[in-house]
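Report on one structure; see the data block that follows.
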Amino acid sequence: MYKLVIQGGNALHGTIKTSGSKNSSLPILFASILADEPITLTNTPHLSDISTTLRLLMDMGGEFILESDNSLFIDSSKLTNLVADYELVKTMRASILVLGPMLAKYGEAKVSLPGGCAIGTRPVNLHLKALEELGATIEVKNGYIYAKAKKLIGTEICFNQVTVTATENIIMAATLAQGTTTINNAAQEPEISDLCNCLNKMGAKISGIGTSTVTIEGVKNLNGITYSVCPDRIEAGTYLIAAAITGGSITVTNIHPQSMRSIIGKLIETGADIKTEKDTITLDMKGKRPKAVNIKTGTYPNFPTDMQAQFTALNSIADGHSTITETIFENRFMHIPELSRMGADLTLEGNTVVCKGVKSITGAHLMATDLRASASLVLAGLAAKNTTTIERVYHLDRGYETIEEKLKSLGAQIKRVQD
Ligand code: EPZ
């Protein structure tokens, strides 16, 4: 295993290119199951979750080639094994996204229940209920979901809770269903719009993209295409906070600023000077200490839960008191005890962290627990006095492409060492 060793205190300066979105690449990779021909993706990030997904698709009979130009050629058009095995699913909850496409294309699926993770129990009941409404018969036993559907029939679906991957599962299932499906209270994350745009390019008929009411008119089949995955707004937001927490100034390129309005708004509240252009965002902290800012996470377009841990690190050294309220997951606070060991003044009250900004924090030996909590610890290490060591960085590698290279290019003193 590897750990990161960070010598804090450098203000970050420079320019970095945002990688393709993890949370857009994953559903689109599973959407390849729906096509009758191979698809080619460009701008997919090199992340362990992507590798896990490709392994799962291969396990089911899919094939892929990573081309020399970094494009990904995937042929999942003729799966021979309709089982998503526990050994792979247990490492990545998003594997549940195999269910909708398999039911739509093959009429059956056996998918391991993903189980919970560090940030919560993360049930899949809303996925299963909606698939049953589309006509699937579903049985859960021995830790597996057994699903069958002679033909999925379009219908009105209404989610009583906004859910990103359940919305994606139903959109994908409905593309090959008989008749029309309308999803009410659909999640509106930009990654869902990216999936819909890719599916429409494959021949699907989806409207209401990016709204809470999405309509999918079933078609007979979907074709192979080439598609470029949208940029990762959470990666970009994480690097903007890296500049803010160290008093530096960076430009993030290859990004869609309009997908980051809530994040940009909060960063401006901290006193950061932000300029946006068509596909770049420049943040300049001008050496100032950030002002404390209250945060409350919510579904898109509200402040994203995937940026909560990172902003908690920023508030930890900000000027003033703040509250950070997490409304999406029940346990997305694993970074709090670790930040406190660095001298942050954080008190958890229910689903709200009360933060009293301190002038400085000191490096410590820390343990990463989940993807965004790990990012929060890296950000704190960049701002801390002396050295921070972060164990179990495999959590980070799930969602951040070559994070230490990108940070080093901005002037951070960071290296990856073997345990
Ligand atoms: C997606 O997870 C993202 N993952 C998460 O990103 C993100 O934090 C989350 O959406 C919220 O934006 C991917 O896109 C691969 P949900 P998802 O279903 O779809 C409850 C990251 O760091 N719920 O929107 O699993 C659930 O427990 C990851 O990149 C049910 O109760 O999240 C949660 O409280 C972490 N039953 C709430 O809904 C269900 O069947 C929202 O979860 C499904 C969800």
Side-chain angles (χ1 to χ4, degrees), residues 19-31 44-45 47-50 52-53 56 89 91-100 111 113-133 138 140 145 157 159-172 183 185-195 212 229-230 232-238 259 262-263 297-311 326-335 351 368-376 395-401:
S19 301
S21 163
K22 166 180 87 79
N23 289 350
S24 184
S25 300
L26 296 179
I28 288 175
L29 282 167
F30 286 115
T44 43
L47 301 170
S48 55
D49 272 8
I50 303 292
T52 302
T53 302
L56 179 56
V89 172
T91 64
M92 186 186 73
R93 295 194 64 269
S95 309
I96 191 67
L97 286 167
V98 77
L99 187 55
V111 180
L113 276 170
C117 71
I119 65 177
T121 52
R122 303 191 68 186
V124 292
N125 58 311
L126 300 176
H127 297 244
L128 304 185
K129 177 174 175 293
L131 287 168
E132 284 176 327
E133 288 169 16
I138 291 184
V140 177
I145 301 160
I157 301 274
F159 283 120
N160 57 22
Q161 176 167 3
V162 173
T163 156
V164 173
T165 47
T167 298
E168 292 168 338
N169 238 337
I170 298 310
I171 287 172
M172 290 191 282
I183 303 174
N185 202 25
Q188 303 173 65
E189 271 66 6
E191 295 76 26
I192 298 175
S193 301
D194 206 32
L195 169 66
S212 59
V229 163
C230 74
D232 194 316
R233 61 191 169 101
I234 305 301
E235 184 205 24
T238 304
S259 70
S262 61
I263 300 167
T297 67
T299 55
Y300 192 86
N302 297 302
F303 188 88
T305 172
D306 291 350
M307 286 296 299
Q308 180 260 106
Q310 298 94 310
F311 227 99
E326 171 60 54
T327 68
I328 305 292
F329 291 111
E330 69 267 28
N331 186 34
R332 202 164 204 175
F333 295 114
M334 304 290 277
H335 47 290
N351 67 339
T369 51
D370 60 271
L371 170 54
R372 306 303 175 183
S374 322
S376 161
H395 289 293
L396 263 180
D397 295 335
R398 298 190 53 174
Y400 291 93
E401 190 175 40

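Counting starts at 1 for both ligands and their atoms, in listed order. Counting from 1, the numbers follow the sequence of the chain as shown.
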Can you tell me which residues line ligand 1 if we count any heavy atom under 4.0 angstrom from one of its atoms, in chain and number order? K22, N23, R93, A94, R122, P123, V124, N125, L126, H127, Q161, V162, T163, V164, T165, T305, D306, I328, F329, R332, L371, R372
Taking only residues two or more places apart in sequence, or in another chain, which ones meet H395 in a side chain to side chain contact (heavy atoms under 4.5 Å, CB included)? A368, S374, R392
Quick one: list whatever passes side chain to side chain contact (heavy atoms under 4.5 Å, CB included) with I328, sequence neighbours left out. T297, T299, T305, E326
Quick one about [Y] and [X] (side-chain donor to acceptor, distance below 3.5 Å, no hydrogens or angles considered), yes or no?
X    : Y    : value
E132 : H127 : no
E191 : S24  : no
R372 : Y400 : yes

Suppose we screen for ring-ring contact (aromatic ring centres under 6.0 Å, His included). Which residues come up paired with F333, at least two apart in sequence or across chains? none
